[in-house]
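In this text, all values refer to a predicted model and were calculated from it rather than measured experimentally.
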Amino acid sequence: MMTIDQQIATDLLDIQAVTLAPNHPFLWASGMQAPIYTDNRKTIAYPQVRAEIADGLAALIREQYPEATVIGGVATAGIPHAALVADRLNLPMNYVRAKPKDHGKGKQIEGQISAEERVVLIDDLISTGGSVLAAAKAVQAAGAKVLGVVAIFSYELPDSVVNFQQAGLTLTPLTTYSALIAVARQQGEMTPAEFASLQQWREDPWAWPKSVQ
């Protein structure tokens, strides 16, 4: 029987939400070359996959943040998962925009928020953590407490570890880059050299692929 991180990693590979290409790297907007491209927005198109994700995230929150009073979704990809999780936990939900609206009341947080709330934020994907940590700051600025962050998938990049430590927040993903490449290897999707290259990217992404040439 697969563990939850193995199951979600398998799901992401099966629906091609994740593409691994150690020999033909992708160029990210940051300028980083990466042997992986992830589009977790595809998960909402697959009822069984999105249900497994929602069940897994809800279980994480029950276990680690039982005092949560609000589920927050990070716009835009975290919103559908936050809605499903909030429904399972029978908790209120809000979502946090990347920046305040430039019209109307200029809200950045949609839904109710108050100083008494204890919020768990949900995002679909963590690279450096920039977007979800910005959302956390917006929630904190509104006076509420952010208990932590849960996500579908984390690249486990060194930058994200530092950023979450500096923010004083915990991150708990359902699955990780390490789990995903291990599952892909078990499926016979890569050679030993390709697997080694994928491992080296996570350890020092800014030096890759120079580190493997």
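Put simply, the side chain of R118 never gets that close to the backbone of T69: no donor and acceptor are under 3.5 Å apart. Q200 contributes no side-chain N or O that, together with a main-chain N or O of S197, makes up a donor-acceptor pair within less than 3.5 Å. A donor-acceptor pair is defined here as one N or O able to donate and one able to accept, closer than 3.5 Å; no such pair exists between the side chain of W208 and the backbone of E203. Put simply, the side chain of E52 never gets that close to the backbone of V49: no donor and acceptor are under 3.5 Å apart.
Q187 has its side chain within reach of D14: a pair of non-hydrogen atoms, C-beta onward, lies under 4.5 Å apart. Side chains of W201 and I36 form a contact here, defined as non-hydrogen atoms less than 4.5 Å apart.
T10 and Q7 form no side-chain donor-acceptor contact under 3.5 Å, judged by distance and modelled atom types alone. Under the 3.5 Å distance criterion, with hydrogens and angles disregarded, no donor-acceptor pair is assigned to the side chains of N40 and T38. Using modelled atom types and a 3.5 Å distance limit, the side chains of N94 and Q112 yield no donor-acceptor pair. Judged purely by distance below 3.5 Å, without hydrogens or angles, the side chains of S114 and E116 pair a donor atom with an acceptor atom. Side chains of S127 and W28: a donor-acceptor N/O pair is absent below 3.5 angstrom, by distance only.
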Item to check | Derivation and outcome, side chain to side chain contact (heavy atoms under 4.5 Å, CB included), residues L174 and D5 | outcome: CA-CA 6 Å; L174 274 182; D5 61 335; over 6 Å; no
Checklist entry - Run the salt bridge (charged side-chain N to carboxylate O under 4.0 Å, His left out) check on K145 and E117 step by step: do they pass? => result CA-CA 6 Å; K145 179 178 178 60; E117 304 294 0; over 6 Å; no
Checklist entry - Do L20 and L180 pass the side chain to side chain contact (heavy atoms under 4.5 Å, CB included) test, and can you show the C-alpha distance, the side-chain angles, and the key distance before you say yes or no? => result CA-CA 10 Å; L20 294 171; L180 187 133; 3.8 Å; yes
Item to check | side chain to side chain contact (heavy atoms under 4.5 Å, CB included) assessment of H81 paired with T43 | outcome: CA-CA 10 Å; H81 302 289; T43 60; 3.2 Å; yes
Item to check | Test side chain to side chain contact (heavy atoms under 4.5 Å, CB included) applied to M93 and V70, step by step | outcome: CA-CA 6 Å; M93 176 205 157; V70 174; 5.8 Å; no
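Counting non-hydrogen atoms of neighbouring residues, nucleotides and ligands closer than 6.0 angstrom, the CD atom of Q16 reaches no more than 12 such neighbours.
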